[in-house]
Amino acid sequence: MENFICIAKFQAKPQKHDELEARLKELVRLSQMEEGCIDYDLCHAHDSKFSFFVVEQYKTKEDFEIHSKKEYLTRFIQDLEALVADVSIHVGENTKRVA
């Protein structure tokens with residue numbers, strides 16, 4: 001089985017930019033410690049100073065599902081409406097690289 005990938009993009013409400021960034025940094029810190037986590041990166045999007053995206057890579061879909069149930073992630077998700085104007089999440093399996 002290939003690694004499981006999630007890419008999440010967040011468009012902060014202008015007055016919530018700093019709070020969202022701080023919350024995402026904490027989410028990254030905690031998530032990187034999970035056993036099944038291969039990579040979990042926070043990036044600033046170039047198209048807007050209020051946009052962030054998170055690129056997550058887990059060993060398996062099951063590892064990602066365990067991550068999805070973590071208390072710190074569910075609390076973050078509950079708070080999203082107050083922090084963001086828009087969010088998009090894309091999940092899938094990594095395909096084999098072409099040599």
Side-chain angles (χ1 to χ4, degrees):
M1 173 180 275
E2 300 298 324
N3 297 333
F4 199 77
I5 306 293
C6 177
I7 300 172
K9 184 174 181 184
F10 304 93
Q11 177 73 30
K13 291 180 178 178
Q15 68 277 19
K16 296 292 185 174
H17 175 270
D18 293 342
E19 182 179 352
L20 177 62
E21 183 174 22
R23 296 283 303 272
L24 287 168
K25 285 180 178 179
E26 180 65 2
L27 183 63
V28 168
R29 184 186 72 77
L30 293 168
S31 299
Q32 286 176 337
M33 293 188 292
E34 294 176 27
E35 187 172 326
C37 180
I38 295 171
D39 203 12
Y40 205 105
D41 293 317
L42 175 62
C43 308
H44 280 195
H46 283 212
D47 60 350
S48 169
K49 73 176 190 172
F50 297 111
S51 291
F52 299 94
F53 59 95
V54 176
V55 180
E56 310 168 38
Q57 185 174 0
Y58 285 86
K59 292 178 184 175
T60 65
K61 183 178 180 181
E62 291 76 23
D63 290 324
F64 176 76
E65 289 171 352
I66 291 169
H67 163 72
S68 298
K69 295 176 184 169
K70 295 288 185 179
E71 186 268 334
Y72 51 84
L73 180 61
T74 58
R75 186 175 55 244
F76 174 76
I77 291 169
Q78 289 172 352
D79 296 344
L80 269 181
E81 188 175 337
L83 298 171
V84 300
D86 190 37
V87 62
S88 64
I89 299 173
H90 307 275
V91 295
E93 291 181 6
N94 194 10
T95 60
K96 292 188 186 238
R97 297 176 188 219
V98 177

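Any value given below was found using the heavy atoms of this structure, including those in side chains, with hydrogens, waters and symmetry copies removed. For clarity, every value in this text was computed on a predicted model and none was experimentally measured.
Under the rule for a salt bridge (charged side-chain N to carboxylate O under 4.0 Å, His left out), the partners of Glu21 that lie at least two apart in sequence or sit in another chain are Lys25. Under the rule for a side chain to side chain donor-acceptor pair (under 3.5 Å), the partners of Ser48 that lie at least two apart in sequence or sit in another chain are Gln11. Applying the salt bridge (charged side-chain N to carboxylate O under 4.0 Å, His left out) criterion to Glu71, with sequence neighbours excluded, gives Arg75. Under the ring-ring contact (aromatic ring centres under 6.0 Å, His included) criterion, His44 pairs with Phe52, not counting sequence neighbours. Considering only residues two or more places apart in sequence or on other chains, Lys13 meets the side chain to side chain donor-acceptor pair (under 3.5 Å) condition with none of them. For Glu26, the salt bridge (charged side-chain N to carboxylate O under 4.0 Å, His left out) partners at least two apart in sequence or on another chain are Arg29. Among residues two or more places apart in sequence or in another chain, the salt bridge (charged side-chain N to carboxylate O under 4.0 Å, His left out) test is passed with Lys70 by none. Remark: Phe10 engages Phe76 in a ring-ring contact (aromatic ring centres under 6.0 Å, His included) (not counting sequence neighbours). For Asp39, the side-chain contact (heavy atoms from CB on, under 4.5 Å) partners at least two apart in sequence or on another chain are Asp41, Gln57. Residues meeting the side chain to side chain donor-acceptor pair (under 3.5 Å) test with Glu19, sequence neighbours left out: Lys16. Taking Lys49 as the reference, nothing meets the side-chain contact (heavy atoms from CB on, under 4.5 Å) condition, with sequence neighbours excluded. With sequence neighbours excluded, the residues that form a side-chain contact (heavy atoms from CB on, under 4.5 Å) with Val28 are Gln32, Tyr40, Leu42.
A single hydrophobic cluster is seen to contain both Val91 and Leu80, as judged by linkage of ILVMFWY side chains at heavy-atom distances under 4.5 Å, directly or through other members. Side-chain heavy atoms closer than 4.5 Å link hydrophobic residues (I, L, V, M, F, W, Y) into clusters, and following such links, possibly through other members, connects Leu24 to Ile89.
Minimum heavy-atom separation, Cys37 to Ser31: CB-O, 3.4 Å. Residues Leu73 and Ser68 come closest through the heavy atom pair CD2-CA, 3.5 Å. Closest of all the heavy-atom pairs between Cys6 and Phe64 is CB-CE1, 3.6 Å.
Under a cut-off of 6.0 angstrom, the local environment of CD in Glu81 is sparse, with at most 12 non-hydrogen atoms contributed by other residues, nucleotides or ligands.
Using a 4.5 Å heavy-atom cutoff, the side chains of Lys69 and Thr74 are not in contact. Contact annotation: the side chain of Lys9 approaches that of Ser51 to within less than 4.5 Å [non-hydrogen atoms, C-beta and beyond]. The shortest distance between side-chain heavy atoms of Phe53 and Ser88 does not fall below 4.5 Å.
Here the CG-OH distance, from Asn3 to Tyr58, works out to 12.0 Å after rounding to the nearest 0.5 Å. Note that CG of Leu27 and CG of Leu20 are 10.0 Å apart. Values are rounded to the nearest 0.5 Å. Note: Arg23 CZ to Leu83 CG = 6.0 Å, rounded to the nearest 0.5 Å.
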